Amino acid sequence: MLPLPSGGFKAYLFDCDGTIVDSMPQHYTAWRQALDEWGCEFPEELFYAWAGRPTADIVAALNEQQRLNMPLEAVIARREALYQQLLPSAAGIPGVLHHIDDAHGRIPFAVVSGSTREAVTASLGALGILDRFDVLVCAGDYTRPKPDPEPFLRAAELLGVPPEACLVFEDADLGIESATAAGMAAVRVPQPRQG
């Protein structure tokens with residue numbers, strides 16, 4: 001069971017990958033396959049360190065880091081297609097799903113993700129829980145990604161809930177930093193393969 005901090009929270013904001021859906025292994029495999037086609041290295045440690053960054057930022061950073069000229073849109077589309085093929089093998093994270101089941105209908109939920117809307121809706125749809133979320137804030141819905149507070153503040157605004165009344169569920173350091181900067185309490189979701 002994932003313990004929650006005390007407080008009268010009026011909304012739950014969830015990261016998606018690695019928080020609701022144990023999809024990080026599928027994401028990494030999709031990245032590796034897409035980037036291998038361009039001779040680009042992406043060590044697993046770096047993948048996890050960059051968790052929460054928008055896909056376009058990752059491709060741009062890898063281009064710069066490795067002096068490559070990978071076409072942004074083509075790499076993103078290829079990675080997305082590979083991820084969609086791997087998605088059926090992803091499972092939900094039980095401790096988080098319990099809180100979704102428990103609080104659904106009592107308070108509003110939002111997903112706040114660095115992934116594309118297509119990837120988020122596919123992940124939540126695969127688990128059969130897409131309809132439980134009132135708001136989806138995905139890559140392209142904000143200007144400054146996590147660790148900037150903008151993505152979480154945008155979700156709170158769309159839900160009509162003050163930031164301090166939101167509880168964030170997040171697995172990545174960038175997401176915890178983002179939630180803290182937004183003035184929100186956060187619960188760190190441990191990766192299923194950790195500890």
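In what follows, every heavy atom counts, from backbone to side chain, and hydrogens, waters and symmetry copies are set aside. Fair warning: this is a prediction, and the values are worked out from it, not measured in the lab.
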*What is the distance from atom CD of E164 to atom CZ of F9, rounded to the nearest 0.5 Å?*
11.0 Å

*So, the side chain of Q66 versus the backbone of E41: is there a donor-acceptor pair under 3.5 Å, distance only?*
yes

*Calculate, to the nearest 0.5 Å, the distance between atoms CD and CG belonging to E170 and L174 respectively.*
8.0 Å

*Using a 4.5 Å cut-off on heavy atoms from C-beta on, say whether the side chain of P163 contacts that of L153.*
yes

*Of the non-hydrogen atoms in L86 and A30, which two are nearest, and what is the gap between them?*
CD1-N, 3.8 Å

*Should F14 and V168 count as side-chain neighbours, where that means a heavy-atom distance under 4.5 Å?*
no

*D22 versus Q26, closest heavy-atom pair with distance*: O-OE1, 3.3 Å

*Just by modelled atom types, is the I107 backbone N or O under 3.5 Å from a matching donor or acceptor in the Y12 side chain?*
no

_F42 backbone acceptor or donor facing Y28 side chain under 3.5 Å_ = yes

*Below 4.5 Å, heavy atoms only, C-beta onward: do L124 and D131 meet side chain to side chain?*
no

*Starting from the C-alpha separation in whole Å, work towards a yes-or-no answer on side chain to side chain contact (heavy atoms under 4.5 Å, CB included) for V75 and W38.*
CA-CA 9 Å; V75 173; W38 296 92; 3.6 Å; yes

*asked:* As an exercise, state the distance from CD1 of I76 to CG of L72, rounded to the nearest 0.5 Å.
replied: 4.0 Å

*If you round to the nearest 0.5 Å, how far is CG of L62 from CG of L35?*
6.0 Å

*Grab the two heavy atoms, one from L159 and one from A110, that are nearest each other, plus how far apart they are.*
CD1-CB, 3.8 Å

_Is any side-chain heavy atom of R32 closer than 4.5 Å to one of F47?_
no

*Test I100 against F133 for side chain to side chain contact (heavy atoms under 4.5 Å, CB included), laying out the working first.*
CA-CA 9 Å; I100 291 171; F133 296 89; 3.8 Å; yes

*Looking just at side-chain N and O atoms, do Y83 and T29 make a donor-acceptor pair shorter than 3.5 Å?*
no

*Do D134 side-chain atoms and P108 backbone N/O form a donor-acceptor pair below 3.5 Å?*
no

*asked:* Is any side-chain heavy atom of S115 closer than 4.5 Å to one of H27?
replied: yes

_On a heavy-atom basis, which atom in V137 and which in P151 lie closest, and how many Å separate them?_
CG1-O, 3.9 Å

*Between the main-chain N or O of A49 and the side-chain N or O of R53, is there a donor-acceptor pair closer than 3.5 Å?*
no

*Please examine the side chains of V189 and D15, heavy atoms only from C-beta on, and report whether any two atoms are closer than 4.5 Å.*
no

*Determine, stepwise, if the pair L167 / L13 fulfils side chain to side chain contact (heavy atoms under 4.5 Å, CB included).*
CA-CA 6 Å; L167 177 62; L13 311 184; over 6 Å; no

*List the steps, then state whether salt bridge (charged side-chain N to carboxylate O under 4.0 Å, His left out) holds for R188 with D173.*
CA-CA 9 Å; R188 182 178 288 276; D173 291 342; 2.8 Å; yes

*Applying side chain to side chain contact (heavy atoms under 4.5 Å, CB included), run through I20 and I129 and close with a yes or a no.*
CA-CA 10 Å; I20 297 174; I129 59 172; 3.7 Å; yes

_Distance, nearest 0.5 Å, that separates SG of C166 from NZ of K10_ = 10.0 Å

*Side-chain heavy-atom pair V112, K146 within 4.5 angstrom cut-off*: yes

*Please confirm whether R154 makes a cation-pi placement over F152, using NZ or CZ under 6.0 Å from the six-membered ring centre and within 45° of the ring normal.*
no

*asked:* Between T116 (side chain only) and A119 (backbone N and O only), is there a donor and an acceptor less than 3.5 Å apart?
replied: yes

*Kindly write out the residues that satisfy ring-ring contact (aromatic ring centres under 6.0 Å, His included) with Y142, not counting sequence neighbours, or none if the list is empty.*
none

*Look at the side chain of T19 and the backbone N and O of C16, then say whether any donor-acceptor pair between them is shorter than 3.5 Å.*
no

*Looking at E177 and P147, what are the two nearest heavy atoms and their distance?*
OE1-CB, 3.5 Å

_Please report the interatomic distance CZ(F109) to CG(L136), rounded to the nearest 0.5 Å._
13.0 Å

*Might you point out which heavy atoms bring V21 and A90 nearest each other, and give the distance in Å?*
CG1-CB, 3.8 Å

*Of D171, L2, I93, which meets side-chain contact (heavy atoms from CB on, under 4.5 Å) against P190?*
L2

*Any side-chain heavy-atom pair from D17 and S113 closer than 4.5 angstrom?*
yes

*Where the side chain of D57 meets the backbone of P54, is there a donor-acceptor pair that is under 3.5 Å apart?*
no

_Would the distance check show the side chain of Q33 and the main-chain N or O of L82 forming a donor-acceptor pair, the cut-off being under 3.5 Å?_
no

